[in-house]
Amino acid sequence: MVDNRYATALVIGSVLSLLATVYLSVAVGTQQWFQYSSKHVDKTGNGTSPRERLMADDWEEKNFSDLLLQRNGTLGLWWRCIQLPNPKMETFCVAFTLPQQFRAIPKAPGNGEPEEDLLRTYLWRCQFLLPLVSLALVFLSALVGFCACLCRSFTPTLGVGVLHFLAGLCSLGAVCCFRTSVHLLGPGAEGSVGWSFYLALISFPLQMMAGALFLWAARSHRKSYTRIAAYRIA
């Protein structure tokens with residue numbers, strides 16, 4: 001038999017976990033992580049050249065960042081978008097391919113075979129890998145919780161709480177890596193973070209609170225069960 005307090009903690013923790021998963025999933029799939037803004041927006045041309053530059057396979061981070069700034073574009077974990085005047089302003093988005101996500105970022109682009117910038121390269125890779133790891137950990141914790149319900153055991157709830165703590169740290173790490181990566185582009189990266197960024201940021205405390213509730217419920221139930229067992233033995 002589970003005390004009402006522990007059952008309530010499990011329900012609240014599950015709701016917080018579900019909200020965090022939804023927020024993080026939406027953030028990963030949208031392109032509003034960073035909104036570039038420029039006082040001198042290029043509104044000339046028919047947009048053919050910028051479109052081709054954005055779709056180029058041999059892209060370099062600094063080059064498409066300059067293009068996003070010129071066209072007041074937006075940047076996501078898997079998307080890059082620009083504003084094109086065709087004939088009115090419209091948004092054109094291109095997704096990053098998996099090879100592009102794992103591509104090394106050079107220290108000085110355009111100089112033959114420049115030296116790899118390890119810091120920016122691994123920041124870029126972590127910013128899109130950590131949210132996926134976070135979602136995978138939450139999914140794993142759901143499987144553990146489901147198995148605990150089938151086995152009618154409260155002990156695996158400790159593991160569920162630990163997995164949520166790890167997922168929260170991954171979410172926070174992804175946000176920090178993205179913000180640092182944008183900052184390292186230099187003073188030309190003018191703009192502000194968008195709502196997708198804040199959704200990912202909100203998922204961090206939700207996952208941590210869910211983990212804390214799961215751990216509290218598991219530890220408190222275990223202590224209560226131990227006291228009851230000791231009383232029966234006495």
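Here the structure is a predicted model, which means the values were calculated and not measured.
Through ILVMFWY side-chain contacts below 4.5 Å, Leu130 is grouped with nothing and stands alone. If you chain together ILVMFWY residues whose side-chain heavy atoms come under 4.5 Å of each other, Phe139 ends up grouped with Leu143. Grouping Ile, Leu, Val, Met, Phe, Trp and Tyr residues whose side-chain heavy atoms lie under 4.5 Å apart, directly or via other members, places Tyr122 in a hydrophobic cluster with Leu118.
Both Leu75 and Leu132 belong to a common hydrophobic cluster when Ile, Leu, Val, Met, Phe, Trp and Tyr are linked at side-chain heavy-atom distances under 4.5 angstrom. Val138 and Phe165 are assigned to two separate hydrophobic clusters, defined by single-linkage of ILVMFWY side chains at heavy-atom distances under 4.5 Å. In the hydrophobic clustering of this structure, Leu140 does not group with Leu169; members are Ile, Leu, Val, Met, Phe, Trp, Tyr whose side-chain heavy atoms approach within less than 4.5 Å, directly or through other members.
Of all heavy-atom pairs spanning Ser181 and Trp124, the tightest one is OG-CE3, 4.0 Å. For Phe178 against Gln127, the heavy-atom pair with the smallest separation is CA-OE1, 3.3 Å. Considering all non-hydrogen atoms of both residues, Leu77 and Phe96 come closest at O-CD1, 3.9 Å. The shortest heavy-atom contact between Val133 and Cys170 is CG1-SG, 3.8 Å. Gln101 and Arg125 make their closest contact through O-CG, 3.7 Å (heavy atoms, listed as atom of the first residue, atom of the second, distance). Of all heavy-atom pairs spanning Val28 and Trp78, the tightest one is O-CD1, 3.8 Å.
Under a 3.5 Å cut-off, the side chain of Thr121 and the backbone N or O of Ile105 do form a donor-acceptor pair.
Sorted by first and then second residue, the side chain to side chain donor-acceptor pair (under 3.5 Å) pairs involving residues 18-34 (not counting sequence neighbours) are Thr30-Ser196. The list of side chain to side chain donor-acceptor pair (under 3.5 Å) pairs with a residue in residues 162-176, not counting sequence neighbours, reads Ser17-His164, Ser134-Ser171, Ser171-Gln207.
Using a 4.5 Å heavy-atom cutoff, the side chains of Phe214 and Leu10 are in contact.
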Point to revise | side-chain contact (heavy atoms from CB on, under 4.5 Å) between Phe102 and Leu129, worked out | key: CA-CA 10 Å; Phe102 282 100; Leu129 284 176; 4.2 Å; yes
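Take Val144 and apply the side-chain contact (heavy atoms from CB on, under 4.5 Å) test, not counting sequence neighbours, and it matches Pro156, Val160, Leu163. Partners of Trp79 under the ring-ring contact (aromatic ring centres under 6.0 Å, His included) rule, at least two apart in sequence or in another chain, do not exist in this structure. Shown here are the side-chain contact (heavy atoms from CB on, under 4.5 Å) partners of Leu119, two or more places apart in sequence or in another chain: Asp117, Leu123, Leu184. Applying the side-chain contact (heavy atoms from CB on, under 4.5 Å) test to Leu16 and every residue at least two apart in sequence or in another chain returns Ile12, Leu206, Met209, Ala210, Leu213.
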What side-chain donor-acceptor pairs closer than 3.5 Å can you find for residues 197-204, not counting sequence neighbours?
residue	atom	partner	partner atom	Å
Ser203	OG	Ala200	O	2.5

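Cysteines Cys93 and Cys81 place their SG atoms closer than 2.5 Å to one another.
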